[in-house]
Amino acid sequence: MNLISKRIRGMQDILPGESEKWEYIENVLKEKAKLFGFKIIRTPVLEHTNLFERSSGETSDIVEKEMYTFLDKGSRSVSLRPEGTAGVLRAVLENGLQGGNLPLKLMYISSCYRYEKPQSGRLREFFQFGLEVFGGKSALADAEIICVARSIFDDLGIKNLELEINAVGCKECKGVYNKAIRNYFTAYEEELCGVCRDRLNRNPMRIFDCKNEKCKSISKGAPVVIEYLCKDCATHLENLKEYLEVFNIKHKVNPYIVRGLDYYNKTVFEFIINNSQSPLTICGGGRYDNLSKELGGSDMCCVGFGIGMERLLMIMQDQNLSFGSKDDIYVYVVSLGEAYKNKSIEISQRLRNIGIIAQQDIVGRNLKSQVKYADKSGCNYCIFLGSQEMENNVVKVKDMASGSEFTLGLGDDFEKYFVGLKNTKL
RNA sequence: GUGGAUAUAGCUCAGUUGGUUAGAGCGCCAGAUUGUGGCUCUGGAGGCCGUCGGUUCGAAUCCGAUUAUCCACCCCA
C-alpha cells in the first residue's frame, strides 16, 4: 500500500487487542488511587516552554535536546509536555488550589513527548500515570503514595519488584554534600570518563548514574548523601522508614539513587524490577518542596511519582500476567433476509437497553456469513430471526460455546433471560 | 548522536549468475451447503518489490542517495 501519509516516527497506534490491556491497567491505576482519595486532573499537552525550562532545569537533557518546542502562530514558544508533574503543578497554582482544601491529592494519565531516537519501550509519544500530593509536609505523605504504588503493582501481579529509597537532602545539606563530593571526585578527575568530567562541574551527584566501570568503581568510595543530611532531613528519612514499616512495605535504602530531575529534595524512590538482565525502573518519584516557589507560586510541599505506562505493559507481558477477563455478554442478531431487518434492529436495541453488547448485520450478508462474522468477533450468543420466528413472535437463541439452541419468546421473558445471564456471569 | 541489520500482498516470508505476465502459507471475500460458526474442498480480490536517482537491450535482483523499522551503544524516565 502506498499511503500518502504514514505514522509519524516514534508514534504508536494502539489497536483493539492491545487497547483492552491499556484499559485494564488504567482502571486498576485509577481505582486504586481513588481509594486513597486521589482525584483526576487533566491539563493541556501544550505549555509555554519556560515552564519546563524552569521545572526540569535549563541545562537538563530534556530541555536542551529532547523537547518538542516550536513557535505558535503568535510567535510564542510552546512545548509539548515532556513529563507530567510541571503542568499539574502549574494548573494547581494558576487555579488557586493551593489556597483550598489541603492536602490536595491528584492523579493523571498524560501523553508526554520527547524527541529521542525511538527504541523498544521508548517512543516519542509515551504515557505516564502520576500521583501528586500537594501540601503534605510529613513523611506520611511520602509513605502513602509509595503505598499506592505498591498496592497497584500487587494488584497487577507484578513480581520481583523492589522498592529503593534514598534522601537527597534539602538546599543546605545538598550544598554541603555537593562540596564534599566535588572534592572527592576532583581527586580522580583524570580517570573519569568525559561525560563525568562534565558532570563534575555541573551536577556531581549524577556521576553515580554513570555505567562506565571505571567511574562506577570510583563512585563506590565516594561519600554518600545520607551521611550529610541535616537534622530535619535525617528525621524525615527515619519517619518515612517507620511509616513504611507500618504500611508493611519492604524497602531498602540505596544511597546511590539520584534521579534525573534535580528539583527533588529529601525523599526520592524507585520501584525496580529485578528479573531481567539489567534492573529496570518502572516507577520513580520523590519530594519536590521547592518547585512551587521556583515557578512563582507560594511555598508548598509536594511529593509525587510517575509510572511509565509502556514499560509497565512490557513488564506485565514479560511476566505473562493477566489483563483481566471480559465478563461482557455479546449477542449477534442474525436476520434471514431484508424483510426481517427492522425487527432485528428492534431486538438489538432491546438488548443494548439492558446493557448487553448487540450487533446485527449491516452489510447485507447471508446467514452463514453472518454467523461466521459473529463467531469471529467473539459473540457469546446468536439470535436467529426468520419467517418461522416472526410468525410465532419468538427468536431462536444459540449458545455459541456449546452449540445448543432453544426458542425464546419476545415478550418480557426476553429481557429477563438475558438479564439473568448477566447476573450469573458477574 | 554512533554502529549493525532489514525493507516484496493485510500478516509471515520465498524469489536462482540480472531475463517473459511477481510466488507460497496464513488472513480476507465468496461458492460448495437458499435456516447456522469452528473442519474440508473450490474460486476470487489484493503488489509502482519503501522512495528517488544511476548502470543495463532489460532491475525486486547490481550501485548511490534518502526515508522508515529493529537491535546494540550513548542518554534518560
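A, B, ... follow the sequence lines: proteins, then strands. Residue 1 opens every chain.
- With both ends at atom P, the span from rG46(B) to rC41(B) equals 24 Å, rounded to whole Å.
- Contact of Arg122(A) with rC75(B) (side chain to base): a donor-acceptor pair of N or O atoms is detected under 3.5 Å.
- Regarding Glu116(A), its CD atom lies at a distance of 16 Å from the C1' atom of rA72(B), rounded to whole Å.
- A donor-acceptor pair under 3.5 Å links the side-chain atoms of Gln319(A) to the main chain of Lys159(A), judged by distance alone.
- When the P atom is compared between rC48(B) and rU8(B), the two are found 12 Å apart, to the nearest whole Å.
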**Item:** Sequence-aligned protein contact record of nucleotides 31-36 of chain B, with B where the base is within under 4.0 Å of a protein heavy atom and S where only the sugar-phosphate is
**Value:** S-B-BB
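- Look at CD on Glu66(A): it is 9 Å from P on rA77(B), rounded to the nearest Å.
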Side-chain donor-acceptor pairs of residues 161-168 of chain A under 3.5 Å, sequence neighbours excluded:
{"from": "Glu164(A)", "atom 1": "OE1", "to": "Asn254(A)", "atom 2": "ND2", "distance (Å)": "2.7"}
{"from": "Asn166(A)", "atom 1": "ND2", "to": "Pro255(A)", "atom 2": "O", "distance (Å)": "3.2"}
{"from": "Asn166(A)", "atom 1": "ND2", "to": "Ile257(A)", "atom 2": "O", "distance (Å)": "3.0"}

**Message:** Can you give me the dot-bracket string for RNA chain B, 5' to 3', counting Watson-Crick and G-U wobble pairs with both distances under 3.5 Å, using [ ] for crossing pairs and | for partners on another strand?
**Reply:** (((((((..((((.....[...)))).(((((.......))))).....(((((..]....))))))))))))....
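- Phosphate contact (OP1/OP2 of rU69(B), side-chain N/O of Arg9(A), threshold under 4.0 Å): present.
- In this structure, Thr281(A) contributes its side chain and Cys283(A) its backbone to no donor-acceptor pair below 3.5 Å.
- Spacing of P atoms, rG43(B) relative to rG50(B), comes out at 30 Å, to the nearest Å.
- Nucleotides rC63(B) and rU6(B) are separated by 12 Å at their P atoms, to the nearest Å.
- Comparing rU51(B) with rG37(B), their P atoms sit 42 Å apart, to the nearest whole Å.
- Atom NZ in Lys376(A) sits about 13 Å away from atom P in rC26(B), given to the nearest Å.
- A donor atom on one side chain and an acceptor atom on the other are found under 3.5 Å apart for Asp142(A) and Thr267(A).
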Cut-off 3.5 Å, no hydrogens considered: what does the side-chain donor-acceptor table look like for residues 381-397 of chain A, sequence neighbours left out?
{"from": "Glu389(A)", "atom 1": "OE1", "to": "Gly386(A)", "atom 2": "N", "distance (Å)": "2.9"}
{"from": "Asn392(A)", "atom 1": "ND2", "to": "Gln388(A)", "atom 2": "O", "distance (Å)": "3.1"}

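- Every side chain to side chain donor-acceptor pair (under 3.5 Å) that Asp13(A) has, sequence neighbours left out, goes to Arg7(A).
- Across the protein-nucleic acid pair, Arg365(A) atom CZ and rC28(B) atom P stand 10 Å apart, rounded to whole Å.
- Atom-to-atom, OH of Tyr373(A) to C1' of rG27(B) comes out at 15 Å; the value is rounded to the nearest Å.
- Distance CZ (Phe126(A)) to C1' (rC76(B)): 10 Å, rounded to an integer number of Å.
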**Item:** Criterion salt bridge (charged side-chain N to carboxylate O under 4.0 Å, His left out) on Asp154(A) and Arg150(A), from CA distance to verdict
**Value:** CA-CA 6 Å; Asp154(A) 287 346; Arg150(A) 180 78 247 183; 3.1 Å; yes
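- rG10(B) atom C1' lies 12 Å from atom CG of Leu15(A), rounded to whole Å.
- Listed by residue number, there are no residues of residues 338-351 of chain A with a heavy-atom contact under 4.0 Å to RNA chain B.
- rG15(B) sits 29 Å from rG54(B) when the P atoms are compared, rounded to a whole Å.
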**Message:** Glu125(A) vs Arg114(A), test: salt bridge (charged side-chain N to carboxylate O under 4.0 Å, His left out). Steps then yes/no.
**Reply:** CA-CA 7 Å; Glu125(A) 179 184 59; Arg114(A) 288 190 197 180; over 6 Å; no
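- Using atom C1' as the reference point in both rA9(B) and rG25(B), the two lie 12 Å apart (nearest Å).
- Per the geometry, CG belonging to Leu280(A) stands 16 Å off P belonging to rC76(B), to the nearest Å.
- When heavy atoms are screened at a 4.0 angstrom cut-off, Arg7(A) is found touching no nucleic acid atom at all.
- Ring centroid separation for the pair Phe271(A) and Phe153(A) comes in under the 6.0 Å cut-off.
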**Item:** Chi angles and distances behind the salt bridge (charged side-chain N to carboxylate O under 4.0 Å, His left out) call for Asp327(A), Lys422(A)
**Value:** CA-CA 8 Å; Asp327(A) 48 12; Lys422(A) 216 174 139 187; over 6 Å; no
**Item:** salt bridge (charged side-chain N to carboxylate O under 4.0 Å, His left out) evaluation trace for Glu116(A) with Arg122(A)
**Value:** CA-CA 8 Å; Glu116(A) 294 180 272; Arg122(A) 277 178 61 187; 2.4 Å; yes
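- Checking side-chain atoms of Arg352(A) against main-chain N and O of Ile357(A) turns up no donor-acceptor pair under 3.5 Å.
- On a pure distance criterion of 3.5 Å, a polar donor-acceptor pair joins the side chain of Lys117(A) and the base of rU2(B).
- Contacts of Gly10(A) with the nucleic acid, taken as non-hydrogen atoms under 4.0 Å apart, involve only primed sugar atoms and P, OP1 or OP2.
- Put simply, the residue from Ile40(A), Thr85(A), Thr43(A) that forms a side chain to side chain contact (heavy atoms under 4.5 Å, CB included) with Tyr108(A) is Thr85(A).
- Comparing rA77(B), rG38(B), rA30(B) by their nearest atom to the side chain of Asp375(A) picks out rG38(B).
- rC26(B) sits 16 Å from rA45(B) when the C1' atoms are compared, rounded to a whole Å.
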